[in-house]
Amino acid sequence: MTHTPLYASRMWPPVRPRTGEATAPTLDLLYSLGLISRTAATGVHTLLPLGLRVHDRMSAIARAAFENRGAHTFAAPTLQSRRLWEETGRWDTYQREGALLTVRSSSGEEMCLAPTSEEIATATVRDHVRSFRDLPVRLFLNTSKFRDELSPRGGLMRGREFTMADAYTFDTSADTMRDSVDFLNEACTAALTGMGLSGVFQAPADGGAISAGPSTEHLVLSDAGQSTIVACDHCGNRGDGAVTPARPAPTTKPPVVNVIAFVLTHSDGRIQSAAVAVRSDLQVSARKVAAATGAARVILLEPQELPGLFGKEPGTLTPWDAAASPDTLLLFDLSVADLDEFGISDGGEGLHTGMSWNGDQHMDALNPRGLDLAEAADGSRCAACPGTHRAVRAVEVAHVFELGLQYSRAMKLTFTDHTGHQATPWMACSGIGITRCLQTAADLHRDHQGLRWKPGTGPADVHLAVLRADQPDMRERADRLVQELTARGLSVFVDDRPLHTGEKLRYARLLGLPHAVVLSPDRPSGQLEVINRWSGRTTIAESSHIPSLAGGG
């Protein structure tokens, strides 16, 4: 990051008197203090000079965390060809989901503004990997991403354009891929810690369509979070409900049993239908179904396909219908396997009560074996202790994925292994939301007086409040001090506006740089008043003591 000093009297946007209110929401503070700005496009923001400094510092921290552990940084284009995305089949998938922003060049070529970088990273490595001796490859990149969110909200938390610090790894085997997953989690932790995001924790998660295997979220608990996770109120175990082990909460009356149909795709390409019997108040986790069946992909059966497969309309499928289908794998969630009595919905005949697995009411007996297939939710029981899950808000600041072979195989990336045969690399990746981290850090550490930035993350290190800046001798003293601080590796924000002391100190607290230094004509040259923004402590120090300001908060 540049150490060029910033002067409030020359700043753009101009620093106005009485800028912002300390009690305003964090996003409003970022707007009023001139860190970010709205644009005419919903979900798209401009990073103003102060905000860009925070962004660049956080980007540099992330890059160093990965490079220090052996990754190589490269720059990839965000504008990518349709042909690349069709190799993985994701052009149509992302368009159906409405997440892909597409353009057509003057020559007629279709392209997209990429929401993620799996295709371009794989294509780049494909051009250069030949032998097992070329692996592993660990790459880092920091680019803008574009995702056509249906409901962008929360400022930088969930926008259409955002900055991601990504990493991609390519390995010779599943085992070495998992070594790379450890590398990615370690580097993400170092990066997020360096950004001042205290309280970050890791939790197993559902990687969705991106991931072929387990994934790990890096989360911060926050009421401003866009994600909901479950946390045990006894042992503290936390995670995504789609993968967190859970036991169903008991019910006081006989429940209704629903059946949810899925399509399983196995690693050998075999397609199979599956039906999951689950209590009607619970949601089935596709990720848990994949873990239970070993399927490489699990997707919900489209409602219009249900009559052709089972002869039943949506909402009327029963466990006995699924059991009668010879090609369907019938699974039972823990919430229903041990029920003595329950109800089922069976089309036009409505709700049947008093049902059991023993085969009464002209039904064959079924012998259910309970599996943990439902999403953990508020009120479910922890599988590790007697505690109960509670839904809490969190910010997902980073995510690490096991990609396996799904992208490298689809894009025909191969290498010659040690036996001389052609093999496909195993991939993993991670992503850190830099712009999201910016707003998260601002929200996480603010207090009743304004923002507070951890050392090395804010727009500058030192807020120099120059009193009586209209006097020539004070301007000279300020210039000498700025040169001295800059030479010592500190970046400085200089408030040289013709305002009284109280207003300058209010603005210093509001902007929240780690230390404020007051240069006053009432003190001898070289003597300074130093205010720690984190502790609130004020000390009188000589300018020679200033280098310590680069350290702790």
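Everything numeric in this text was worked out from a predicted model, so none of it was measured. Positions are given from 1 along the sequence.
Remark: R38 pairs with no residue by the side-chain hydrogen bond (donor to acceptor under 3.5 Å, both in side chains) rule, at least two apart or across chains. For V220, the side chain to side chain contact (heavy atoms under 4.5 Å, CB included) partners are V200, V397, L444, not counting sequence neighbours. Considering only residues two or more places apart in sequence or on other chains, R153 meets the salt bridge (Lys or Arg N to Asp or Glu O under 4.0 Å) condition with none of them. Under the ring pair (Phe, Tyr, Trp, His ring centres under 6.0 Å) criterion, H218 pairs with no residue at all, not counting sequence neighbours. Residues satisfying the side-chain hydrogen bond (donor to acceptor under 3.5 Å, both in side chains) test with R452, not counting sequence neighbours, are none. With sequence neighbours excluded, no residue satisfies ring pair (Phe, Tyr, Trp, His ring centres under 6.0 Å) with H55. Take A384 and apply the side chain to side chain contact (heavy atoms under 4.5 Å, CB included) test, not counting sequence neighbours, and it matches C382.
Checking side-chain atoms of R160 against main-chain N and O of T42 turns up a donor-acceptor pair under 3.5 Å. A donor-acceptor contact shorter than 3.5 Å is absent between the side chain of S325 and the backbone of A322.
For residues 371-389, the pairs satisfying side-chain hydrogen bond (donor to acceptor under 3.5 Å, both in side chains) are K288-D372, S380-H389, with sequence neighbours left out. Identified under the side-chain hydrogen bond (donor to acceptor under 3.5 Å, both in side chains) test for residues 251-274, with sequence neighbours left out: H266-Q272, S273-T328.
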Atom pairs and distances, donor-acceptor, side-chain atoms in residues 301-310, under 3.5 Å, two or more places apart:
none

May I have the list of side-chain donor-acceptor pairs in residues 60-68 shorter than 3.5 Å, sequence neighbours left out?
residue: R63; atom: NE; partner: E67; partner atom: OE2; Å: 2.8
residue: R63; atom: NE; partner: T73; partner atom: OG1; Å: 3.4
residue: R63; atom: NH2; partner: E67; partner atom: OE2; Å: 3.4
residue: E67; atom: OE2; partner: T73; partner atom: OG1; Å: 2.7
residue: N68; atom: ND2; partner: A64; partner atom: O; Å: 3.1

Output a table of donor-acceptor pairs, distance under 3.5 Å, between side-chain atoms of residues 434-442 and any protein atom two or more places apart or on a different chain; print 'none' if there are none.
residue: T435; atom: OG1; partner: T163; partner atom: N; Å: 3.2
residue: R436; atom: NE; partner: M157; partner atom: O; Å: 2.9
residue: R436; atom: NH1; partner: E396; partner atom: O; Å: 2.8
residue: R436; atom: NH2; partner: M157; partner atom: O; Å: 2.9
residue: Q439; atom: OE1; partner: L156; partner atom: N; Å: 2.8
residue: Q439; atom: NE2; partner: G154; partner atom: O; Å: 3.0
residue: T440; atom: OG1; partner: R436; partner atom: O; Å: 2.7

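At a threshold of 4.5 Å between non-hydrogen side-chain atoms, the residues V257 and R279 do not count as touching. With contacts defined as side-chain heavy-atom distances shorter than 4.5 Å, the pair L35/V54 qualifies.
Taking a cutoff of 4.0 Å between a charged side-chain nitrogen and a carboxylate oxygen, D321 and K312 qualify as a salt bridge. A salt bridge links E149 with R158: the distance from a Lys NZ or Arg NE/NH1/NH2 to an Asp or Glu carboxylate oxygen falls below 4.0 Å.
Ring centroid separation for the pair W85 and Y94 comes in under the 6.0 Å cut-off. Ring to ring, W534 and W453 are not that close: their centroids are 6.0 angstrom or more apart.
Between the side chains of S356 and E341, not a single donor N or O lies within less than 3.5 Å of an accepting N or O. Between the side chains of S173 and D175, no donor-acceptor pair is found at a separation under 3.5 Å.
Heavy atoms of other residues, nucleotides or ligands lying less than 6.0 angstrom from CG of D447 number more than 12.
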